[in-house]
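Here is the structure we will look at.
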Amino acid sequence: MLRRAAAVRPDDRVLDLGCGAGRTTRDAARAAVRGHALGVDVSAAAIERARALAQAEGLTHVTFEQGDAQVHPLPEDGFDLAISRFGTMFFDDPVAAFAHVRRALAPGGRLAILVWQAAERNAWDGALRAALGASDRPDGAGGAGVTGGTGGTAQNGTAAPDPFSLGDPDAVRSVLGAAGFADVVLTDVREPLWFGPDMTAALAWVRGFTCTEAALAGLAPDAAERALDRVRSVLAAHLRDDGVWFDGRAWLVTARCAP
């Protein structure tokens with residue numbers, strides 16, 4: 001869906017925001033045969049992996065840079081298209097961040113991103129958050145939850161990253177409009193989410209979430225194991241022959257640079 005919406009053209013210069021290991025960046029590079037694709041991500045390990053994969057695939061017109069896309073130096077008017085697969089929800093100041101991206105786009109530049117819909121539309125978040133709830137905490141305080149979707153608090157006292165921060169369509173239109181984008185369109189995306197081929201892989205995936213670590217932190221070992229047992233029960237309820245699956249809801253957001 002993202003590839004179709006992005007509609008990368010042969011001469012496009014593509015910017016991939018929060019590119020991770022670079023799958024979407026490499027896909028864009030393959031379509032932009034006479035252009036170029038740049039992927040930016042905060043994770044050094046992800047960027048290293050992205051570079052290795054691009055080299056293995058023989059892609060010479062794709063590059064990767066480690067950095068925070070909301071402030072990373074980008075050439076003005078240097079791109080024709082900005083894309084992101086779930087990489088734009090964690091900006092500290094969304095208007096400033098998208099304005100930074102807007103300045104990096106040439107006149108007529110396009111934006112195509114996927115973001116989560118609201119937490120209440122993603123039942124997997126609620127189920128896992130409930131499993132990692134506060135009942136085992138000695139102080140009775142609420143946990144941040146598996147994804148921080150309810151605005152939990154991290155170990156250092158700062159607000160936990162909220163992957164659902166762009167779940168409100170009106171807020172998305174307001175942010176992008178203030179950042180210099182026009183013709184903002186949100187398309188409802190409902191697709192199953194694959195958490196892994198089996199329970200072991202799915203649990204490892206969930207334990208890797210930053211906010212899972214925050215929810216388990218401070219629990220005694222036996223209490224942490226009870227919380228993980230509840231997570232295992234949630235995952236088992238969604239286990240099929242081909243893996244662990246949950247329903248997912250996202251917005252496919254497209255826009256153009258305002259004149």
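Sequence positions, counted from 1, serve as the residue numbers for this chain.
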field: Greater than 12 external heavy atoms within 6.0 Å of Arg23's CZ
entry: no

query: Can you tell if the side chain of Leu186 reaches within under 4.5 Å of the side chain of Leu252, non-hydrogen atoms only?
result: no

4.5 Å side-chain heavy-atom contact, Arg103 and Phe98: no

Stepwise salt bridge (charged side-chain N to carboxylate O under 4.0 Å, His left out) test for Asp242 and Arg240: CA-CA 5 Å; Asp242 56 349; Arg240 306 188 322 205; 3.3 Å; yes

query: Within the side chain of Arg249, is there an N or O that forms a donor-acceptor pair under 3.5 Å with the backbone of Ala119?
result: no

query: With no hydrogens and no angle check, is any side-chain donor or acceptor of Thr25 less than 3.5 Å from a backbone partner on Gly39?
result: no

message: I need the minimum non-hydrogen distance between Trp251 and Leu166, along with the two atoms involved.
response: CD1-O, 4.0 Å

Within 6.0 angstrom of Gln55 CD, more than 12 heavy atoms from elsewhere: no

- request: Would you confirm whether Thr88, through its side chain, and Ser84, through its main-chain N or O, come within 3.5 Å as a donor-acceptor pair?
  value: no

- request: State, yes or no, whether a side-chain contact exists between Leu216 and Leu228 at a heavy-atom distance under 4.5 Å.
  value: yes

statement: Here the pair of heavy atoms bringing Leu74 nearest to Ala69 is CD1-O, 4.5 Å

- prompt: Are Thr212 and Leu132 side-chain neighbours, meaning at least one heavy-atom pair lies under 4.5 Å?
  reply: yes

Short N-O contact, Glu225 and Arg232, less than 4.0 angstrom: yes

query: Within a strict 4.5 Å, meaning less than it, do heavy atoms of the Ile113 and Val115 side chains meet?
result: yes

message: Main chain of Ala37, side chain of His61: is a donor-acceptor contact present, judged purely on distance under 3.5 Å?
response: no

message: Could you check whether any side-chain heavy atom of Val189 comes within less than 4.5 Å of a side-chain heavy atom of Met1, counting everything from C-beta outward?
response: yes

Short N-O contact, Glu213 and Arg207, less than 4.0 angstrom: no

Side-chain donor/acceptor pairs under 3.5 Å, residues 169-183, sequence neighbours excluded:
residue, atom, partner, partner atom, Å
Asp170, OD1, Arg173, NH1, 3.1

message: Check the orientation of Phe246 and Phe195. Use parallel for under 30°, tilted for 30 to 60°, and perpendicular for over 60°.
response: tilted

task: May I ask whether Met89 and Phe209 are part of the same hydrophobic cluster, defined by side-chain heavy atoms of I, L, V, M, F, W, Y residues being less than 4.5 angstrom apart, directly or through others?
output: yes

- prompt: If you take all heavy atoms of Ala118 and Phe164, which pair is closest and at what distance?
  reply: C-CD2, 4.0 Å

- request: For this output row, return yes or no: ring centroids of Trp194 and Trp205 closer than 6.0 angstrom.
  value: no

task: Starting at CZ of Arg102, measure out to CG of Asp77 and round the result to the nearest 0.5 Å.
output: 7.5 Å

- line: Heavy-atom closest pair (Val40 atom, Gly67 atom, distance to 0.1 Å) is CG1-O, 3.4 Å

- prompt: For Arg3, which of Asp27, Ile83, Val8, Thr24 qualifies under side chain to side chain contact (heavy atoms under 4.5 Å, CB included)?
  reply: Asp27

message: Using a strict threshold of under 4.0 Å (side-chain N to carboxylate O), is an ion pair present between Arg110 and Asp80?
response: no

- prompt: Do Cys19 and Phe64 have side chains that get closer than 4.5 Å, going by heavy atoms?
  reply: yes

query: Around atom CZ of Arg256, are there more than 12 heavy atoms of other residues, nucleotides or ligands at under 6.0 Å?
result: no

field: side-chain contact (heavy atoms from CB on, under 4.5 Å) assessment of Asp16 paired with Leu38
entry: CA-CA 6 Å; Asp16 191 356; Leu38 168 66; over 6 Å; no

query: Can Leu239 and Met199 be said to form a side-chain contact (heavy atoms from CB on, under 4.5 Å), step by step?
result: CA-CA 7 Å; Leu239 177 64; Met199 288 284 294; 4.0 Å; yes

message: I'd like to know if Val185 and Leu114 are part of one continuous hydrophobic network [Ile/Leu/Val/Met/Phe/Trp/Tyr, side-chain heavy atoms within less than 4.5 Å].
response: no

Heavy-atom pair of closest approach, residues Ala6 and Leu81: O-CD2, 3.8 Å

query: Minimum heavy-atom separation for Ala82 to Leu105, with atom names?
result: N-CD2, 3.8 Å

- prompt: Quick one: does Asn122's side chain get under 4.5 Å of Trp116's, heavy atoms only?
  reply: yes

- prompt: Rounded to the nearest 0.5 Å, how far apart are CH2 of Trp124 and CZ of Arg129?
  reply: 10.0 Å

message: Just checking Trp245: does its CH2 atom have more than 12 heavy atoms from other residues, nucleotides or ligands closer to it than 6.0 angstrom?
response: yes

query: Same hydrophobic cluster for Val244 and Leu193, using side-chain heavy-atom links shorter than 4.5 Å among ILVMFWY?
result: yes

- prompt: Val14, Phe86: one ILVMFWY side-chain cluster at the under-4.5 Å cut-off?
  reply: no

field: Verify same cluster id: Val42, Val101 (apolar side-chain graph, 4.5 Å)
entry: no

- request: Measure from the side-chain N and O atoms of Asp12 to the backbone N and O of Arg9, and report whether any donor-acceptor pair falls under 3.5 Å.
  value: yes

- request: Verify whether one side chain among Asp168 and Gln117 offers a donor that lies under 3.5 Å from an acceptor in the other.
  value: no

task: Please indicate whether Arg49 has more than 12 foreign heavy atoms, meaning atoms of other residues, nucleotides or ligands, lying under 6.0 Å from its CZ.
output: no

task: Scan side-chain atoms only and decide if Gln70 and His100 contain a donor-acceptor pair under the 3.5 Å cut-off.
output: no

His36 side-chain N/O to Arg13 backbone N/O, donor-acceptor pair under 3.5 Å: no

- prompt: If only atom types and distance count, is the side chain of Arg34 paired as donor or acceptor with the main-chain N or O of Asp11 below 3.5 Å?
  reply: no

